[in-house]
Engineer: 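Take a look at this one; I'll ask things after.
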Amino acid sequence: MLLSKYLLPTLKETPADAEITSHKLMIRAGMLRKVSAGIYNYLPLCLRVIKKIENIVRDEMDKAGALELLMPILTPAELWQESGRWTVYGKELMRMQDRHENEYALGPTHEEVITALARNEVKSYKQLPLCLYQIQDKFRDEVRPRFGVMRSREFIMKDAYSFHSSEKCLDNYYQIMYEAYSNIFKRCGLRFRAVLADSGAIGGDNTHEFMVLAQSGESRVISCPNDNCGYAATDETAKSKIFQPEKEEFLELRLVDTPSQKSIEEVSNFLKLPKYKLVKTLLYKYDDGVAAALIRGDCEVNEIKLKHILNTINLELADDKTIEEISGCEPGYAGPLNLKKQIKLICDSSLKQLTNFVVGANEKDKHYINVNHQRDFKIEKFYDIRLANPGDRCINCDAVLEEYRGIEVGQIFKLGTKYSAKMNAVYNAEDGKLKPFVMGCYGIGITRIVAAAIEQNNDEKGIVWPLNIAPFSVIILPLNKPNSEEFKIAEKIYNEIKIKNIDVVLDDRAVGPGFKFKDAELIGIPYQIIVGAKSLNEQSIEIGIRKTGEKILVKISEVSEKIEELLYEK
RNA sequence: CGGGCAGUGGCGCAGUUGGUAGCGCACCUGCCUUGGGAGCAGGGGGUCGCUGGUUCAAGUCCAGUCUGCCCGACCA
């Protein structure tokens with residue numbers, strides 16, 4: 001490839017609306033241009049990276065026995081209605097009508113389409129297991145697209161779906177996919193962790209997210225530093241152990257004045273009691289009802305966990321009016337005793353050991369002290385609704401948990417029969433009976449990998465591509481003007497390397513050396529072949545290594561050999 | 001959806017009390033230069049987001065509207 005014929009609009013200045021490193025660099029390096037909010041042109045340099053990643057993904061998917069196919073982007077509403085997601089998916093689903101006013105959605109994921117395909121085409125257990133995948137544009141109408149391709153409304157995703165005749169077979173294949181995913185991210189040169197996660201709108205029980213470690217990541221992961229344990233989970237899912245106070249002898253329940261003391265902080269200071277001796281009562285509205293979540297004062301409620309327990313997707317803290325209706329008093333004094341209306345109590349297990357604690361009295365400016373559950377109010381069951389935090393202890397090995405931030409680049413799910421049962425996707429089992437497919441699904445955000453790779457691999461000069469996903473492996477920089485001696489040698493080296501099937505680009509533009517160096521560094525090509533007068537006297541050129549800044553002097557006659565050595569032996 | 005900010009050549013920005021739309025980068029032509037975004041000379045490119053209003057006169061003032069960005073809420 002000749003750079004003079006390439007579209008490479010690099011910028012000296014950082015665009016005003018880019019916030020994170022990868023977004024800035026993708027724009028400056030001439031990879032990305034915005035078309036509309038969360039919608040982008042991927043310029044040629046970017047597409048080369050995308051294709052490299054796609055090919056790694058294809059290779060690993062094929063090795064895992066998956067078959068590539070291509071489904072439509074435009075999908076009919078009926079399929080989404082069958083699964084129930086036409087309503088459940090909410091506003092993120094991009095919807096549209098055709099001229100006959102039939103409704104469609106631009107696919108954000110393809111469980112429905114693939115399940116409908118399998119329902120029609122896969123009839124027998126003999127055809128199972130089967131895994132199909134595609135690499136395709138996906139649409140999600142994000143509330144707030146941001147950070148360039150990190151959170152965009154149209155993006156490229158690899159989505160795979162597997163069909164099995166038993167849970168056991170799915171478990172087995174899930175493990176194969178786990179390995180395939182690990183290989184993919186390793187080959188892309190990413191530092192990542194697989195963590196336990198919540199399954200969100202796609203559904204299913206068991207799921208791992210693959211997180212690329214980065215400060216700019218939008219996800220928070222709680223992990224165990226003990227390598228033998230390896231526990232790691234997103235903050236939505238993470239469990240932990242916390243400090244448990246000694247049980248005390250029950251003291252007499254008392255109503256005390258706490259004038260204008262509402263928050264845990266205030267009441268704790270006022271009564272001179274540690275926060276863990278207080279119990280928070282939070283009222284939540286969900287679907288048509290209200291529930292009270294009880295948790296120790298030094299802990300926070302994890303709303304995702306609470307959603308699962310209440311089996312709802314709509315959950316929000318109750319407004320002041322609702323609080324008054326339930327507790328009979330203004331917000332700040334709600335408690336489990338004497339509630340005006342009986343509602344469901346969801347009690348966190350942090351209360352289990354707790355004795356003689358404080359709760360709101362459902363009366364203005366009053367709290368109860370020396371409250372004990374079972375004596376003063378009944379708790380039928382304890383749940384885990386607590387947000388895990390770094391500093392808590394690991395549930396497996398008791399080590400102190402850590403926290404880091406990550407970019408989610410992939411997720412694998414066990415769906416079970418969630419979709420096949422609803423959509424009546426059945427096959428003939430060995431015993432002659434009709435059974436719904438047991439399914440799994442597996443996604444990778446291809447374009448998000450591009451951004452994640454840049455987040456992890458950059459310096460003050462620009463991008464530093466991992467070799468396997470670099471748009472070009474080698475860039476040749478003749479430092480003199482066209483038709484000079486340097487240019488002729490550079491062209492010769494270019495032709496030599498090109499026939500070896502190496503991705504090489506020749507910077508044959510009629511610009512100064514500084515310009516060429518800056519661009520080569522900005523776009524992050526791993527190896528530069530520098531052809532300049534300085535070393536030419538000695539019949540040598542320099543090979544610059546982007547990552548280290550190191551320069552190796554090599555005889556002109558040995559350049560292509562040396563390049564091969566660098567590319568294939570490292 | 002709530003709060004804040006902003007829309008002026010491709011990009012980054014300036015434009016004062018209303019009075020001929022400017023600068024840097026990029027682009028084009030020529031000369032010159034080639035180990036770190038060089039220099040000189042010349043040049044092209046704009047209905048100042050849109051609609052309406054005030055005014056002799058609006059990028060500038062007023063009203064409305066659209067779009068974008070940031071924070072929050074939300075989120076495979």
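A note on names: the letters A, B, ... follow the listed sequences, proteins ahead of strands, and every chain is numbered from 1.
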Engineer: Regarding A/Y419 and A/R85, is there a side-chain donor-to-acceptor distance under 3.5 Å anywhere?
Structural biologist: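 Yes.
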
Engineer: For the residue pair A/Y89 and A/W80, categorise the inter-ring angle as parallel (less than 30°), tilted (30 to 60°) or perpendicular (more than 60°).
Structural biologist: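 Perpendicular.
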
Engineer: Which whole-number value in Å describes the distance from A/L477 CG to B/G36 P?
Structural biologist: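 That distance rounds to 13 Å.
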
Engineer: Grab the CG-P distance between A/L522 and B/G36 for me, whole Å please.
Structural biologist: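 It works out to 18 Å between those atoms.
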
Engineer: Quickly work out the A/R153 CZ to B/U67 C1' distance and round it to whole Å.
Structural biologist: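 Whole-Å distance recorded here is 12 Å.
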
Engineer: Across the strands shown, which category fits A/P513 at heavy-atom distances under 4.0 angstrom: base, sugar-phosphate, nothing?
Structural biologist: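 Base contact - A/P513 has a heavy atom under 4.0 Å of at least one base atom.
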
Engineer: Using a 4.0 Å heavy-atom cut-off, does A/E408 contact any base of the nucleic acid, only the sugar-phosphate backbone, or nothing at all?
Structural biologist: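 It contacts base atoms.
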
Engineer: Of the listed nucleotides (B/G35, B/C11, B/G68), which one gets closest to any side-chain atom of A/S36?
Structural biologist: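 Nearest listed nucleotide: B/G68.
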
Engineer: Please give, in whole Å, the distance from B/U34 P to A/K488 NZ?
Structural biologist: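 A/K488 atom NZ is separated from B/U34 atom P by 16 Å.
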
Engineer: Just the rounded figure in Å: distance from P of B/C71 to CD of A/E218.
Structural biologist: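 The distance from CD of A/E218 to P of B/C71 comes to 10 Å, rounded to the nearest Å.
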
Engineer: Name the nucleic acid region contacted by A/G512, choosing base, sugar-phosphate or nothing; use a 4.0 angstrom heavy-atom cut-off, strictly under.
Structural biologist: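 Base: the residue A/G512, judged by heavy atoms under 4.0 Å, touches a nucleobase.
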
Engineer: Hey, are A/K461 and A/D459 close enough for a salt bridge, meaning a charged N less than 4.0 Å from a carboxylate O?
Structural biologist: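 Salt bridge absent between A/K461 and A/D459.
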
Engineer: Counting Watson-Crick and G-U wobble pairs only, both distances under 3.5 Å, name the nucleotide matched with B/A63, or none.
Structural biologist: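 Base partner found: B/U51.
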
Engineer: With a 4.0 Å cut-off on heavy atoms, is A/E486 in touch with a base, just the backbone sugar-phosphate, or nothing at all?
Structural biologist: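 Nothing, no heavy atom under 4.0 Å.
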
Engineer: Side chain of A/A16: nearest nucleotide among B/C13, B/U34, B/G35?
Structural biologist: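 Closest of the options to the side chain of A/A16: B/C13.
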
Engineer: Reckon A/E92 touches a base, only the sugar-phosphate, or nothing at all at heavy-atom distances under 4.0 Å?
Structural biologist: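 Answer is sugar-phosphate: A/E92 comes under 4.0 Å of backbone atoms only.
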
Engineer: Using the P atom as the reference point in each nucleotide, state the distance between B/C71 and B/G64 in Å, no decimals.
Structural biologist: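 My reading of the P atoms in B/C71 and B/G64 gives 28 Å.
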
Engineer: Which nucleotide, if any, forms a Watson-Crick or G-U wobble pair with B/G39, using both distances under 3.5 Å?
Structural biologist: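 Here B/G39 is engaged in a pair, and the nucleotide opposite it is B/C31.
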
Engineer: Is there a donor and acceptor pair closer than 3.5 Å between the side chain of A/E521 and the base of B/G36?
Structural biologist: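 Side chain to base: pair found, below 3.5 Å.
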
Engineer: Is there a Watson-Crick or G-U wobble partner for B/C1 with both distances under 3.5 Å, and which nucleotide is it?
Structural biologist: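 With both distances under 3.5 Å, B/C1 matches B/G72.
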
Engineer: Students often get this wrong, so: under 4.0 angstrom with heavy atoms, is A/S484 touching a base, only sugar-phosphate, or nothing?
Structural biologist: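 Answer is nothing: A/S484 stays at 4.0 Å or more from every strand.
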
Engineer: Please measure how far the C1' atom in B/G52 lies from the corresponding atom in B/G45, and state the result in whole Å.
Structural biologist: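 It comes out at 30 Å once rounded to the nearest Å.
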
Engineer: Are the charged groups of A/K414 and A/D171 less than 4.0 angstrom apart, N to O?
Structural biologist: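 The answer is yes: the pair qualifies as a salt bridge.
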
Engineer: Is the distance from OP1 or OP2 of B/U34 to the nearest side-chain N or O of A/K534 less than 4.0 Å?
Structural biologist: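 For A/K534, the contact criterion (side-chain N or O under 4.0 Å from OP1 or OP2 of B/U34) is not met.
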
Engineer: Under a 3.5 Å cut-off for both contacts, is B/C25 paired Watson-Crick or G-U wobble with anything, and if yes, with which nucleotide?
Structural biologist: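 B/G10 - that is the nucleotide pairing with B/C25, both distances being under 3.5 Å.
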
Engineer: Could you state the CG-C1' distance from A/L479 to B/G37, rounded to the nearest angstrom?
Structural biologist: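 One finds 14 Å between C1' of B/G37 and CG of A/L479, rounded.
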
Engineer: What about A/D519: does its side chain form a donor-acceptor pair under 3.5 Å with the base of B/G37?
Structural biologist: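 Check passes, donor-acceptor contact within cut-off.
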
Engineer: Work out how far the C1' atom of B/C28 is from that of B/G72, and round it to whole angstrom.
Structural biologist: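 About 48 Å, rounded to a whole number of Å.
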
Engineer: Return yes if a side-chain donor-acceptor contact under 3.5 Å exists between A/Y40 and A/E154, otherwise no.
Structural biologist: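 A/Y40 vs A/E154: no donor-acceptor pair found between side chains.
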
Engineer: Report which part of the nucleic acid A/A533 touches: base, sugar-phosphate, or nothing (heavy-atom distance under 4.0 Å, all strands).
Structural biologist: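 The answer is base, as A/A533 lies within the cut-off (heavy atoms under 4.0 Å) of a base atom.
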
Engineer: Among B/C69, B/G37, B/C70, which is the nearest nucleotide to the side chain of A/K12?
Structural biologist: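 Closest of the options to the side chain of A/K12: B/G37.
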
Engineer: Quick one: do the A/H23 and A/T21 side chains pair a donor with an acceptor below 3.5 Å?
Structural biologist: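 Distance-only check fails for A/H23 and A/T21.
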
Engineer: A/R146 side chain: which of B/G35, B/A38, B/C70 is closest?
Structural biologist: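 The closest nucleotide is B/C70.
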
Engineer: Under 4.0 Å between a side-chain N or O of A/R144 and OP1 or OP2 of B/C71?
Structural biologist: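 Yes, because at least one side-chain N or O of A/R144 sits under 4.0 Å from OP1 or OP2 of B/C71.
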
Engineer: Mind checking the C1' distance from B/G49 to B/U60? Whole angstroms is fine.
Structural biologist: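 Result for the C1' pair: 16 Å, nearest Å.
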
Engineer: Take A/I444 and A/K91, find for each the nucleotide of RNA chain B with the closest heavy atom, and name the residue whose nucleotide sits nearer the 5' end.
Structural biologist: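 The residue mapped nearer the 5' terminus is A/K91.
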
Engineer: Answer yes or no for A/K551 and A/F517: cation-pi contact, defined as NZ/CZ to six-membered ring centre under 6.0 Å and angle to ring axis within 45°.
Structural biologist: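 Yes.
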
Engineer: Does A/F515 lie flat on the base of B/G37, that is, centres under 5.5 Å apart and planes under 30° off?
Structural biologist: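 The ring of A/F515 is not stacked on B/G37.
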
Engineer: Between B/U8 and B/A21, how far is it from one C1' atom to the other, in whole Å?
Structural biologist: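 Result for the C1' pair: 8 Å, nearest Å.
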
Engineer: Relative to the 5' end of RNA chain B, which residue comes earlier, A/E13 or A/R509, by the nucleotide with the nearest heavy atom?
Structural biologist: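 Upstream on the strand: A/E13.
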
Engineer: Among B/A38, B/G36, B/G12, which is the nearest nucleotide to the side chain of A/K551?
Structural biologist: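 So the side chain of A/K551 is nearest to B/G36.
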
Engineer: What nucleic acid atoms does A/R28 come within less than 4.0 Å of, heavy atoms only: base, sugar-phosphate, or nothing?
Structural biologist: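 Here A/R28 touches the bases of the nucleic acid.
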
Engineer: Does B/G46 pair with anything, Watson-Crick or G-U wobble, both distances under 3.5 Å, and if so, with which nucleotide?
Structural biologist: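 Matched B/G46 with nothing under the 3.5 Å cut-off.
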
Engineer: May I ask you to evaluate whether A/K307 reaches the phosphate of B/C75, defined as a side-chain N or O under 4.0 Å from OP1 or OP2?
Structural biologist: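 Answer is yes, contact under 4.0 Å.
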
Engineer: What nucleotide, of B/C69, B/C71, B/A73, holds the atom closest to the side chain of A/V143?
Structural biologist: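 Closest nucleotide among those given: B/A73.
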
Engineer: Atom NZ of A/K481 to atom P of B/G35: distance rounded to whole Å?
Structural biologist: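 Atom-to-atom, A/K481 to B/G35, this comes out as 11 Å.
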
Engineer: Assess whether a salt bridge exists between A/E82 and A/K422, defined as any Lys/Arg side-chain N lying under 4.0 Å from an Asp/Glu carboxylate O.
Structural biologist: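 Salt bridge between A/E82 and A/K422, a charged N being under 4.0 Å from a carboxylate O: no.
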
Engineer: Could you state the atom-to-atom distance from NZ of A/K516 to P of B/A38 in whole Å?
Structural biologist: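 That distance rounds to 13 Å.
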
Engineer: Checking all strands, does A/K461 fall into the base, sugar-phosphate, or nothing category for heavy-atom contacts under 4.0 angstrom?
Structural biologist: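 Nothing, no heavy atom under 4.0 Å.
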
Engineer: What verdict does the side-chain contact (heavy atoms from CB on, under 4.5 Å) test give for A/E455 and A/I20, after you've listed the backbone C-alpha separation in whole Å, the side-chain angles of each residue and the deciding distance to 0.1 Å?
Structural biologist: CA-CA 8 Å; A/E455 285 295 325; A/I20 60 168; 3.4 Å; yes

Engineer: Considering only atom P, compute the distance from B/G3 to B/U20 and round it to an integer number of Å.
Structural biologist: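 To the nearest whole Å, 39 Å.
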
Engineer: Using a 4.0 Å heavy-atom cut-off, does A/Y442 contact any base of the nucleic acid, only the sugar-phosphate backbone, or nothing at all?
Structural biologist: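 No contact.
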
